[in-house]
Amino acid sequence: MDKIQMTTPLVEMDGDEMTRIIWQQIKDTLILPYVDLKTEYYDLSLPEREKTGDQVTIDAANAIDRYGVGVKCATITPNAQRVEEYKLSRMWKSPNGTIRAILDGTVFRAPIMVKGISPVVKNWKKPITIARHAYGDVYRAAEMRVEGPGTAKLVFVDENGKTTEQTIFDFHSDGVLQGQYNLDSSILSFARSCFQYALDTKQDLWFSTKDTISKQYDHHFKDIFAEIYKNKYKEQFEKNGLTYFYTLIDDAVARVIRSEGGYIWACKNYDGDVMSDMVSTAFGSLAMMTSVLVSPDGKYEYEAAHGTVTRHYYRHLKGEQTSTNPMATLFAWTGALAKRGELDGNGALVEFARRLEQAAIETIESGVMTGDLAGLWEGETPAQKVTTQGFMDAVASRL
């Protein structure tokens, strides 16, 4: 048959370890036989980031800014052990963090739901999308170990040399210090992305912080969201029958547990990090979680929400077969292809992406799945555990 044509390339960002193997399997088995795939390719593997001084990550982010849509494989964020293993010259930053900063984007994560695998929270009937700010706060904090008595101060010196300071704490013994920050411009972008994504996906938007304790830092987030909503989005939300509301993070957790799902939950950086893992685990598996970075000006980067599956990669290197779940990586590809098709007016590409997603979901619902899901299976037919390639072959036959 004739392959589906593309007019504009995707920005393709290859990654590390087992997900890099899966990346190629998805292309070979499920995409290239059907699509005349056009991509601008960037190798974001750790050896390539070392070789280029991480310039390749910056180039990839700028390419997404040019083309509008990118798809990214999982990558290693090195720790001390990885520095030694890969003989790195330095501990390179997270590629995801670099790309987020350049695109000024917000990360939206939502579970892939299938019949036969029930959420741990039994009343969850619809996906819960976590919107994570993913800038500043504890992830860019300055830290200090304090030894002995002394006074800790928060000091700000403006460009004219004027100093503002306040005492944090009078230490009488050893301890630790941490200083966090954020930017109005980043919070504004976060708010705009959340409201726009809610409109695009026709979902209610919840936002939560702890402003009763953090009366300036967290309260400032709350105020910016309220102002943006009132001045730009309130009328559009009401026209579409959508709701926006703010609540404390502890109240939000209670509401989420009691809810049916079907909304976007916007969180600050750390809250979003933790809650996305909580939601994905409660829905079944981190490998069953979509993730898309959305910039305020409508640029999209799709990726898997999980890591590089190191343990399976070491088994793969020994020649052993693995049963690694490829769903999150597959849905990164389908999400990017569908968005590319949508932006280009390419209905055939959009339809192909949606059919591929449905074929993958129906494969699991038929009882064919990887090992991580087999233990969660509640379907009528026994679970048939298959290898990663075996699962993709089953999806291909259904497609």
Side-chain angles (χ1 to χ4, degrees), residues 46 49 54 75-86 88-101 104 106-107 109 130-159 161-187 190 207-224 247-254 265-281 286 305-308 310:
L46 195 47
R49 282 179 273 151
D54 208 31
T75 48
I76 295 169
T77 299
N79 55 17
Q81 183 266 323
R82 294 293 203 169
V83 169
E84 177 63 27
E85 179 183 355
Y86 282 86
L88 304 178
S89 59
R90 59 183 292 188
M91 198 178 294
W92 299 108
K93 293 180 179 179
S94 161
N96 292 344
T98 298
I99 294 168
R100 286 175 202 145
D104 195 19
T106 295
V107 178
R109 290 182 172 177
I130 300 291
R132 177 184 170 190
H133 182 204
Y135 178 81
D137 298 349
V138 68
Y139 297 86
R140 293 201 175 191
E143 299 180 318
M144 184 184 297
R145 176 79 169 96
V146 175
E147 296 182 357
T151 300
K153 293 186 177 183
L154 192 63
V155 180
F156 177 76
V157 183
D158 71 18
E159 60 182 4
K162 180 182 177 182
T163 300
T164 305
E165 65 177 60
Q166 68 181 72
T167 298
I168 299 172
F169 188 68
D170 289 318
F171 281 85
H172 303 293
S173 62
D174 296 353
V176 287
L177 276 171
Q178 185 180 82
Q180 298 185 29
Y181 75 92
N182 224 294
L183 300 173
D184 280 16
S185 58
S186 182
I187 303 169
F190 175 42
F207 179 47
S208 60
T209 70
K210 192 67 173 176
D211 68 290
T212 52
I213 301 299
S214 179
K215 292 181 171 60
Q216 291 192 48
Y217 197 105
D218 280 25
H219 206 290
H220 195 54
F221 276 79
K222 175 185 176 182
D223 289 344
I224 286 177
T247 188
L248 292 171
I249 183 72
D250 37 352
D251 178 58
V253 170
W265 181 12
C267 299
K268 288 174 58 202
N269 208 346
Y270 178 76
D271 297 341
D273 191 359
V274 175
M275 295 306 170
S276 63
D277 279 1
M278 182 272 287
V279 166
S280 64
T281 302
L286 195 58
H306 57 71
T308 56
T310 305

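Within the 4.5 Å cutoff, side-chain heavy atoms of Ile187 are placed close to those of His133. Side-chain contact between Arg82 and Thr310 is present, with heavy atoms from C-beta onward closer than 4.5 Å. Using a 4.5 Å heavy-atom threshold, the side chains of Met275 and Val253 count as touching. Using a 4.5 Å heavy-atom cutoff, the side chains of Ile224 and Phe190 are not in contact. You'll find the side chain of Asp250 stays beyond 4.5 Å of the side chain of Ser208, heavy atoms only.
The shortest non-hydrogen separation linking Asn269 to Gly136 is ND2-O, 3.1 Å. Scanning both residues, Pro78 and Leu88, for their nearest heavy atoms gives CB-CD1, 3.7 Å. When all heavy atoms of Asp104 and Ser185 are compared, the pair lying nearest together is OD2-O, 4.3 Å. Nearest approach of Asp271 to Cys267, heavy atoms of both residues: CB-CB, 3.7 Å. Nearest heavy-atom pair, Pro95 versus Thr77, reported as atom, atom and distance to 0.1 Å: CD-OG1, 4.1 Å. Nearest heavy atom pair, residue Asp174 against residue Gly148, reads OD1-N, 2.6 Å.
In this structure, CG in Leu248 is found 9.0 Å from CD1 in Ile213, a value given to the nearest 0.5 Å. Going from atom CE of Met278 over to atom CG of Asp273 covers 12.5 Å, rounded to the nearest 0.5 Å. Between the CG atom in Asp251 and the OG1 atom in Thr212 there is a gap of 10.5 Å [rounded to 0.5 Å]. Put simply, NE2 on His219 and NZ on Lys210 are 13.5 Å apart, with the number rounded to the nearest 0.5 Å. Within the model, atoms CG of Asp158 and OG1 of Thr163 stand 7.5 Å from one another, a figure rounded to the nearest 0.5 Å.
Taking the six-membered ring where tryptophan is involved, the planes of Phe221 and Phe207 are tilted, since the angle between them lies from 30° to 60°.
Within a 6.0 Å sphere centred on OH of Tyr181, heavy atoms belonging to other residues, nucleotides or ligands number more than 12. Residue-environment remark: CD (Gln216) stays at or below the threshold of 12 foreign heavy atoms within 6.0 Å. Heavy atoms of other residues, nucleotides or ligands lying less than 6.0 angstrom from CD of Gln81 number more than 12.
A search for ring pair (Phe, Tyr, Trp, His ring centres under 6.0 Å) contacts involving Phe169 returns Phe171, not counting sequence neighbours.
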Where do Tyr217 and Asp137 land on the side chain to side chain contact (heavy atoms under 4.5 Å, CB included) test, with the steps shown first? CA-CA 10 Å; Tyr217 197 105; Asp137 298 349; 2.4 Å; yes
Give the intermediate values and the outcome of side-chain hydrogen bond (donor to acceptor under 3.5 Å, both in side chains) for residues Asp184 and His220. CA-CA 9 Å; Asp184 280 16; His220 195 54; 2.7 Å; yes
Hey, mind stepping through Thr106 and Arg132 against side chain to side chain contact (heavy atoms under 4.5 Å, CB included) and telling me if it holds? CA-CA 6 Å; Thr106 295; Arg132 177 184 170 190; 5.9 Å; no
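Arg145 places no side-chain N or O within 3.5 Å of a backbone atom of Val176 that could act as its donor or acceptor partner. A donor-acceptor contact shorter than 3.5 Å links the side chain of Arg49 to the backbone of Ile76. Remark: the backbone N or O of Asp211 is not paired with any side-chain donor or acceptor of Ser214 at under 3.5 angstrom.
At a threshold of 4.0 Å, the pair Lys268-Asp218 counts as salt-bridged, since one of the basic side-chain nitrogens sits closer than that to a carboxylate oxygen.
Annotation: cation-pi pair Arg100/Tyr139 absent, no NZ/CZ under 6.0 Å from the ring centroid and within 45° of its normal.
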